[in-house]
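Reading through the structure tokens given below for one structure.
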Amino acid sequence: MSKYNPHAIEPKWQRFWEERGLMKAREEGKKYYVLEMFPYPSGDLHMGHLKNYTMGDALARYKKQQGFSVLHPMGWDAFGLPAENAALKFGKHPADWTFDNIAKAKESLNLMGILYDWDREVTTCTPDYYRWNQWIFIKMYEAGLVYRAGGLVNWCPKCQTVLANEQVVEGRCWRHEDTLVEKKSLEQWYLKITAYADRLLNDLDKLEHWPEKVKAMQRAWIGRSEGATVKFALEGRGEALEVFTTRPDTLFGATFMVIAPEHPLTLELVTPERRAEVEAYVRAAQLKSEIERQTEDREKTGVFTGAYAINPVNGKKVPIWTADYVLYGYGTGAIMAVPAHDQRDFEFAKKFDLEIVPVIKPEDEDLPEPLETAYEGPGVMINSGEFTGLPSEEGKKKITGWLAAKGLGEATVTYRLRDWLISRQRYWGTPIPMIHCEKCGAVPVPEDQLPVELPEIKDVEQIRPQGKSPLEAHPEFINTTCPKCGGPARRDADTMDTFFDSSWYYLRYTDAHNDRLPFARDKADYWMAVDQYIGGIEHAVLHLLYSRFFTKFFHDQQMVGVDEPFERLFTQGMVMGWTDYGPALVEGERVRLSEEARIRLELESAELSQDEVRKMGAELREGPDGRVHFWKPAVMSKSLGNGVMVGPFVREQGADIARVTILFAAPPEKEMVWTEEGVQGAWRFLNRVWRRAIEDEEALKKAADGFDPERLDEAGKSLYRKLNQTIKKVTEDLEGLRFNTAIAALMEMLNALYDYRKTGGVNALYKNAMLVYLQLLAPFAPHIAEELWHRFNENSVFDARWPTYDEGALVADTITLVVQVNGKVRARMQVPADTDEKTALALAREQENVRRHLEGKEIVKEIYVPGKLVNLVVKG
RNA sequence: GCCGGGAUGGCGGAAUCGGUAGACGCAACGGACUUAAAAUCCGUUGGGGGUUUCCCCCGUGCGGGUUCGAGUCCCGCUCCCGGCACCA
């Protein structure tokens with residue numbers, strides 16, 4: 001009898017599937033589009049990289065088995081900062097780095113038996129892809145969604161380029177956690193994503209199959225606020241200072257105003273005697289990074305500008321201050337301060353001794369006098385002239401109406417979402433297809449001149465970030481003629497943000513070789529929307545928001561029917577590996593770590609108790625040097641050196657073992673810890689599958705095919721029932737991406753097959769069960785399933801139709817009925833499944849242990865749940 | 001502070017239209033096979049107790065409630081994870 005040897009069977013079936021074009025997508029019949037977020041090509045892959053592809057592959061194979069026309073494509077997010085930074089770190093040219101890594105990554109995917117339709121492969125750094133970035137950019141420009149503007153932008157000093165708001169995480173660069181983002185004043189290209197703010201927000205409600213968490217993050221990011229803009233006339237000047245407020249009902253309590261230091265008006269308003277002080281404050285604010293403003297204690301700072309404005313409702317003269325707690329980027333960059341009803345304004349007023357006038361009081365109590373804190377709740381208006389006595393909610397509308405009638409303000413909706421800055425002063429990206437002409441201004445490159453190819457710069461040193469685009473130094477690229485007037489002109493030297501590339505790649509897969517359009521409408525309409533999208537939570541706002549924006553734009557351009565790209569979204573948990581944090585000194589209860597370990601673990605102290613070690617999920621185990629080391633699971637990464645590499649693992653152990661290990665260890669949305677024990681479990685399981693089929697191989701080949709489910713013995717009925725229950729369970733679990741419980745059900749079924757063979761022979765039922773079993777196993781462990789399937793069949797297991805279950809066979813003829821007395825289980829009885837209530841209750845009362853509990857008591861109620869239980873309620 | 005999610009054995013986790021808590025796996029322990037080990041197979045494994053083919057009590061973060069019956073529903077907390085955070 002042959003032994004299970006993954007190494008001997010896996011390459012064979014990988015070739016077989018490749019040659020047969022198993023995952024080749026065709027536009028026929030009912031479609032299913034399964035997609036994992038495409039990666040940027042990094043070096044060798046570890047198991048952490050492959051979890052979502054393994055999930056996607058299992059789903060794609062299952063849908064294939066169900067007879068769907070499946071699209072499961074793959075590509076490479078090859079342009080952009082991540083790829084370029086990584087390449088430059090190793091002194092390599094981004095192009096070489098990218099294509100080397102693509103080759104390596106493909107090898108890893110193949111080794112794992114992850115199948116794609118490689119004919120539709122998309123690589124974003126090739127001209128046949130990025131020309132469509134340029135084409136889309138120009139369409140957006142024509143639609144008025146692209147504009148060039150100056151102003152303060154986020155600048156990463158390490159990347160030496162500007163960043164989008166979404167790429168600033170806690171004041172730091174998304175690629176450099178240790179690098180604070182600076183502010184610079186530059187003229188850049190923007191995409192007007194804010195034009196879609198309302199639709200991006202409202203349509204989140206349509207996304208039923210998206211995680212609540214992702215939707216919540218997008219809602220927060222878009223940050224819609226309803227309120228009013230109010231114009232405060234500036235004393236002694238013709239113009240007005242406009243503010244946004246969500247609380248127009250508190251307008252009578254506006255006792256001063258605050259304008260952001262960066263606001264251009266700040267230095268215009270300032271009175272001569274205050275100028276020196278205000279200028280100093282503005283300069284200081286500009287020097288502070290975003291993060292300093294956030295992390296510094298919230299002590300308010302600010303200076304008086306010397307200027308005054310007039311409160312439009314009561315004509316009161318209010319001082320105008322400048323302070324950095326007002327953000328230039330939000331609303332109008334200036335506020336009316338209502339210290340009685342806004343905690344921030346309250347603190348500011350207290351510190352600078354400004355007037356505090358309460359104008360709202362709670363419904364049934366009075367405000368303390370003096371106020372100790374701002375009252376921010378709803379209530380009744382006071383001190384508010386003709387509006388006094390109104391409930392605050394009504395007051396909002398009334399005051400807004402009053403302002404509108406006088407032309408002093410209007411109802412306004414404001415968003416936190418900013419337009420998307422897409423220029424990057426870097427080499428490795430799509431050239432922005434614009435030409436700057438002194439006479440005509442910015443002119444788009446005509447469509448027939450696309451693509452604007454990225455010039456080849458061979459010397460890596462010339463590519464390195466230098467604060468301006470490396471393309472500036474290439475006159476043969478930069479110098480061109482104006483498409484409008486024919487005069488001398490210069491190309492835009494910047495490249496596009498990498499997120500532009502990934503905002504529409506899922507559409508390119510539907511029509512990957514189209515050389516007239518990014519994608520044809522009929523192809524896109526056939527495949528879209530993506531039925532199941534799988535990826536990491538880190539893209540909750542970035543990629544997923546941008547993609548929704550692009551799809552809506554394409555929809556509006558009549559390029560595609562759908563206006564949301566991803567029907568179902570699944571965010572998978574990360575893969576962790578046990579990580580060695582170096583030697584630990586153990587003295588009884590006390591454990592001492594090295595300073596390096598303390599920093600890596602982000603601990604306050606290097607000294608821990610054994611109990612704390614346990615609570616952290618860490619362990620003290622022997623390290624490679626034989627001493628006691630501190631071990632703890634951490635997300636697999638190259639820098640920690642804790643990644644289980646795909647190539648070596650698969651070559652030593654096998655792809656199916658890796659797949660089962662990943663899919664079984666934990667629910668897919670949760671993080672999983674890769675352990676040697678988990679691998680062992682997967683190995684044991686697949687070995688048991690192998691032996692069950694191979695031990696009976698000859699007998700199975702000879703066994704008859706047909707059997708009558710009605711004429712089975714007890715053991716047969718039990719196996720047949722388990723088979724049908726397993727089909728149901730695995731099918732439902734696959735639909736819900738619950739791979740762990742699906743595999744658990746397969747393990748149970750395998751145990752049932754073993755049990756059956758202890759007494760039962762190899763017959764038609766057993767053969768049928770064994771073959772169906774292989775079909776159910778195939779999405780998870782395709783190689784072993786295919787190998788064993790071929791022992792008994794001519795065709796691929798993936799060509800056989802996914803089994804359906806016999807509804808009638810799910811429930812046993814005889815079932816266990818639980819008998820409870822007052823809700824506590826007191827007996828179990830075997831009864832026919834169709835036992836009626838009367839019989840069941842009578843039987844229940846007769847159970848010996850039940851009788852004991854009924855003794856001397858009165859039955860006041862009897863509950864019967866068919867197929868489940870009887871509950872006798874007694875008193876006394 | 002606000003928003004989202006969570007808390008179940010030694011561990012990963014099952015069970016949510018309210019109905020046998022702990023499926024499946026890991027680890028551990030006992031046994032079989034073996035010269036031995038590995039592998040494999042069989043058995044035990046939430047805690048406590050008893051008159052020990054069986055029975056009783058307790059048990060799903062904490063405190064209440066609804067119900068014949070609550071891990072599951074409601075109210076009030078605690079803690080953990082993630083996101084956002086001076087957004088007017």
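In what follows, chains are A, B, ... by sequence order, proteins preceding strands, each numbered from 1. It should be emphasised that the depicted structure is a prediction, and the values quoted were computed from it without experimental measurement.
Using a 4.0 Å heavy-atom distance criterion, A/Val818 is classed as a base contact. A/Phe664 comes within 4.0 angstrom of a base, heavy atoms only. Counting any heavy atom pair closer than 4.0 Å across all strands shown, A/Asp345 reaches no nucleic acid atom. At a threshold of 4.0 angstrom between heavy atoms, the contacts of A/Lys824 are confined to the sugar-phosphate backbone, with no base atom among them. A/Ser225 comes within contact range of the sugar-phosphate backbone alone, with a heavy-atom separation under 4.0 Å but no base atom that close.
Side-chain nitrogen and oxygen atoms of A/His853 include at least one within less than 4.0 Å of the OP1 or OP2 phosphate oxygen of B/C56. At B/A23, none of the side-chain N or O atoms of A/Asn751 fall inside 4.0 Å of OP1 or OP2 (strictly under the cut-off). Checking the phosphate oxygens (OP1, OP2) of B/G83, no side-chain nitrogen or oxygen of A/Arg219 falls inside 4.0 Å. At B/C68, one or more side-chain N or O atoms of A/Lys861 fall inside 4.0 Å of OP1 or OP2 (strictly under the cut-off).
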Write out a two-atom table: protein N or O, nucleotide N or O from nucleotides 39-42 of chain B, distance below 3.5 Å.
| residue | atom | partner | partner atom | Å |
| --- | --- | --- | --- | --- |
| B/U40 | O3' | A/Arg691 | NH2 | 3.2 |
| B/C41 | OP1 | A/Arg688 | NH1 | 2.8 |
| B/C41 | OP1 | A/Arg691 | NH2 | 3.3 |

Task: Test log, rule salt bridge (charged side-chain N to carboxylate O under 4.0 Å, His left out), inputs A/Glu347 and A/Lys350 - done: CA-CA 5 Å; A/Glu347 285 163 15; A/Lys350 277 284 177 196; over 6 Å; no
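The separation between A/Arg828 atom CZ and B/G19 atom P is 16 Å, rounded to whole Å. Rounded to whole angstrom, the span from the NZ atom of A/Lys213 across to the C1' atom of B/G4 amounts to 8 Å. Rounded to an integer number of Å, the gap from A/Leu869 CG to B/A21 C1' is 14 Å. When the C1' atom of B/C84 is taken as reference, atom CG of A/Leu327 falls 14 Å away, rounded to whole Å. For A/Met616 and B/C80, the CE to C1' distance is 14 Å, given to the nearest whole Å.
Atom NE2 of A/His209 sits in a crowded spot, with more than 12 heavy atoms from other residues, nucleotides or ligands closer than 6.0 Å.
Checked options A/Arg828, A/Lys868, A/Gln830; the residue passing with A/Thr816 is A/Gln830 (criterion: side-chain hydrogen bond (donor to acceptor under 3.5 Å, both in side chains)).
Side-chain atoms of A/Thr255 come within 3.5 Å of backbone atoms of A/Glu355 as a donor-acceptor pair (strictly under, hydrogens ignored). Distance alone, capped at 3.5 Å, is enough to place a donor-acceptor pair between the A/Asn202 side chain and the A/Asp198 backbone. Here the side chain of A/Arg659 pairs a donor or acceptor atom with the backbone of A/Phe780 at under 3.5 angstrom.
Figure legend: cation-pi geometry between A/Lys300 and A/Tyr325, with NZ or CZ positioned under 6.0 Å from the six-membered ring centre and within 45° of its axis.
Closest contact between the side chain of A/Pro667 and the listed nucleotides B/U20, B/A14, B/G4 involves B/A14. Considering only the side chain of A/Ile863, B/G19 comes nearest among B/G4, B/G12, B/G19.
Across all strands shown, B/C33 has no partner, as no Watson-Crick or G-U wobble contact with both distances under 3.5 Å is found.
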